[in-house]
Amino acid sequence: MQLKESDEDGFGIEIVLQQGDRKAPSCVHGPTLLFEKVCKGEEKGRRFYACSACRDRKECNFFQWEDDKVSEARLLAREEENRSKMPPFTHQEYCSRFRKFLALPLGRRFCQDCQLLLLPGEWEIHASHKMSQADDITEARLSRPSLMLKPLENKKSNAQYLFADRSCHFLLDTLAKLGYRKVLCVGTPRLHELIRLRNQEGKSDPMKSLLLDIDFRYAQFYGTDEFCHYNMFNHHFFGGEAASGVLRAFLGEEDGEKVIMVSDPPFGGLVKPLAHSFSQISETWRKLQTSEGGVVEMPIVWIFPYFFEPRILECFPSFTMLDYQVDYDNHPLYKHGKTGRKQSPVRLFTNLTPRDVVLPREEGYRFCKVCARYVWSGNKHCTKCNLCPSKDGRVWKHCSECQKCVKPSWRHCQSCARCALPDHPCGNSPGLEGCFNCGSLKHKRRACPLKDKRRTDNKSKAMNSKRTSGAQRRANKLKKTTE
């Protein structure tokens, strides 16, 4: 199922963040999210539950209309299916297996097909599978599980793109210089690894880290106080209260160490549920603070493509997008050193003070005194806009008619009264569709002040009126067209 905001036919899907104690049904990835199917011109859309983590029905086919009445037999079958898809071992069992694995005198084996560290009694079962032999499974290799595990590749669910060493070292060096000694790594296994490796080297002040990730395979390598199996799209801990307690213990202020969250969600992820989960983590952190008059917002670095900036700032107005270009080892395009439109579009969104995040001059960044932050060398300051406007690393140009800077490939169109690509279809100016709900051109449906009121009114009408059958509604519609 492809989830998108709207399309040319006036159809769209919106996320509905549930309020109150109402419990959502669960799939194998935890509690589902509530969506609403919206059609232009209709006051009320139909709501349904779907998987929070997967946009591909082949990966997770959970679907349930909000008003469906699910039988007891169906609920039991669903629970059994969820159990059958859970990891083969608990986190405690994985830890016990890892200790036995390290104690093996000879013959360590890792099944590449099953992505599992094998104990001697399991060798025969996996004999026909592709194996990594003992010479490849050194202590150093086991300390870098992201190099052993095959990255997940489904772009519509939980595709894994792993930080290149350049970006990983920059992030950790920056956090260390800013005085942070505890890093909550949400979907950033490479950063978690690097923190542990530096601690082992003992060349810098030690740092603590906790990895939250939906990839349960990391439970094979980390203890229960180092890793939690977690879904960042619905703030679900698969280990239950014990796992969420690990997070609370990590965020606690007893040791007085500064803590920061660094998250690198899947690029296809929906911003609103991510922001909701991050807000819940931030609220947990805030409640654990004992000092009075301190920071009221948890320090966060959210790593995401620059074109999501409006949606992220809508959820977190205090955030700033920094120009630093994040690159990845296993992404075909997001590499350091490329120019023009081939540069990585992934940026840092953060509530840290922008001028405190020093970007490396040797990589082409400079400090803009007017904007009071570091920017890419190609991001030229515009005196008319009074800012460094470029988002994609190219030199943007100022349009006097639009009264703002635009991409260098755009041209001002008199028919549309805006800047756009030269071959754009005239007449399709963004924003002319307006609000699906009330017709206003000043906002979209998700920001409509009448949306909730109309839904409540429609619900009241529905409760006070007898629902007609589909056949009756079609007959009524046919009658109107013939009159």
Side-chain angles (χ1 to χ4, degrees), residues 87 89 91 94-104 106-119 129-153 158-176 182-230 250 262-266 301 303 326-332 334-336 346:
F89 304 101
H91 197 165
Y94 274 126
C95 293
S96 176
R97 288 171 57 86
F98 190 62
R99 288 191 294 269
K100 294 176 182 178
F101 187 86
L102 291 176
L104 291 176
L106 295 172
R108 291 175 179 176
R109 297 186 185 182
F110 175 73
C111 180
Q112 295 184 20
D113 292 342
C114 301
Q115 297 285 282
L116 183 66
L117 297 172
L118 300 179
L119 297 177
H129 296 180
K130 187 176 180 181
M131 296 282 183
S132 294
Q133 298 300 326
D135 293 342
D136 298 325
I137 312 175
T138 61
E139 297 290 336
R141 192 77 168 173
L142 289 171
S143 66
R144 299 292 305 273
S146 68
L147 298 178
M148 292 186 64
L149 299 173
K150 184 180 179 182
L152 304 175
E153 296 179 342
N158 47 10
Q160 290 177 321
Y161 296 119
L162 303 168
F163 291 147
D165 285 345
R166 162 191 163 269
S167 293
C168 208
H169 282 280
F170 165 76
L171 283 169
L172 190 51
D173 289 341
T174 299
L175 300 182
K182 295 168 73 173
V183 183
L184 180 63
C185 301
V186 184
T188 55
R190 280 279 171 89
L191 186 62
H192 182 63
E193 288 176 4
L194 184 59
I195 292 172
R196 290 169 55 82
L197 286 172
R198 286 195 181 180
N199 287 343
Q200 292 172 9
E201 293 172 356
K203 296 180 180 179
S204 56
D205 293 336
M207 299 178 73
K208 298 176 184 178
S209 64
L210 172 64
L211 175 63
L212 307 183
D213 204 291
I214 198 169
D215 188 354
F216 69 86
R217 298 176 300 173
Y218 284 101
Q220 298 179 82
F221 302 89
Y222 299 126
T224 53
D225 60 341
E226 301 168 319
F227 168 77
C228 292
H229 189 197
Y230 173 77
F250 183 82
V262 180
S263 180
D264 184 26
V301 176
I303 300 164
V326 182
D327 59 328
Y328 297 83
D329 270 348
N330 60 323
H331 196 287
Y334 299 173
K335 304 287 187 182
H336 177 60
V346 185

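Everything quoted here is computed from the prediction, not taken from an experiment. Quick note: residue numbers are just sequence positions, from 1.
Inter-residue side-chain proximity for Val186 and Leu184 is flagged as met; some heavy-atom pair is nearer than 4.5 Å. Contact annotation: the side chain of Leu211 never approaches that of Cys228 to less than 4.5 Å [non-hydrogen atoms, C-beta and beyond]. His192 has its side chain out of reach of Tyr218: every pair of non-hydrogen atoms, C-beta onward, lies at least 4.5 Å apart. Side-chain contact between Phe216 and Tyr94 is present, with heavy atoms from C-beta onward closer than 4.5 Å. Gln112 is listed as a side-chain neighbour of Ser132, based on a closest heavy-atom distance under 4.5 Å. By the 4.5 Å heavy-atom criterion applied to side chains, Val262 and Cys185 are not counted as neighbours. In this structure, Cys95 and Tyr222 have side chains that are not in contact, with every pair of non-hydrogen atoms separated by 4.5 Å or more. Counting only heavy atoms from C-beta outward, the side chains of His129 and Cys114 approach each other to under 4.5 Å.
To the nearest 0.5 Å, the span separating CG on Leu212 from CG on Asp215 amounts to 13.0 Å. Met148 contributes atom CE, which lies 11.0 Å from atom CZ of Arg217 (distance to the nearest 0.5 angstrom). A distance of 11.5 Å separates CG in Asp264 from OH in Tyr161, rounded to the nearest 0.5 Å. Taking CG of Leu104 as the reference point, atom CZ of Arg99 lies at 13.5 Å (rounded to 0.5 Å). In this structure, Leu149 CG and Phe221 CZ are separated by 4.5 Å, a value rounded to the nearest 0.5 Å. Residue Ile137 holds its CD1 atom at 7.5 Å from CZ of Phe110, rounded to the nearest 0.5 Å.
Looking at every heavy atom in both residues, Leu142 comes nearest to Phe98 through CD2-CE1, 4.3 Å. Closest of all the heavy-atom pairs between Phe163 and Leu171 is CE1-CD1, 3.9 Å. The heavy-atom pair separating Leu102 from Arg108 by the smallest distance is O-NH2, 3.1 Å. Pairing each heavy atom of Ala176 with each of Met207, the nearest pair is CB-SD, 4.4 Å. Gly187 and Asp213 make their closest contact through CA-OD2, 3.4 Å (heavy atoms, listed as atom of the first residue, atom of the second, distance).
When atom types are taken as modelled, the side chain of Ser167 and the backbone of Asp327 share a donor-acceptor pair closer than 3.5 angstrom. With hydrogens and angles disregarded, a donor-acceptor distance shorter than 3.5 Å links the side chain of Gln220 to the backbone of Gln115. Between the Glu193 side chain and the Ser146 main chain, a donor and an acceptor come within less than 3.5 Å of each other. Between the side chain of His229 and the backbone N or O of Ile214, at least one donor-acceptor pair lies under 3.5 Å. Within the 3.5 Å criterion, the main-chain N or O of Arg141 finds a donor-acceptor partner in the side chain of Thr138.
In this pair, His91 and Phe227 present their aromatic rings perpendicular. The plane angle is above 60°, beyond the 30 to 60° band.
Salt bridge present: Asp173 and Arg198 bring a charged side-chain N and a carboxylate O closer than 4.0 Å. The pair Asp329-Arg190 meets the salt-bridge criterion, since a charged nitrogen lies less than 4.0 angstrom from a carboxylate oxygen. A salt bridge between Arg196 and Glu201 is absent, with no side-chain N of the basic residue lying under 4.0 Å from a carboxylate O of the acidic one.
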Inset, instruction - Decide side-chain contact (heavy atoms from CB on, under 4.5 Å) for Ser209 and Leu191; before the verdict, give the C-alpha distance in whole Å, the side-chain angles of both, and the deciding distance to 0.1 Å. - result: CA-CA 9 Å; Ser209 64; Leu191 186 62; over 6 Å; no

Inset, instruction - Test side-chain contact (heavy atoms from CB on, under 4.5 Å) on Leu162 and Tyr328 and set out the steps. - result: CA-CA 5 Å; Leu162 303 168; Tyr328 297 83; 5.6 Å; no

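By the 6.0 Å and 45° rule, Lys182 stacks over the aromatic ring of Phe250.
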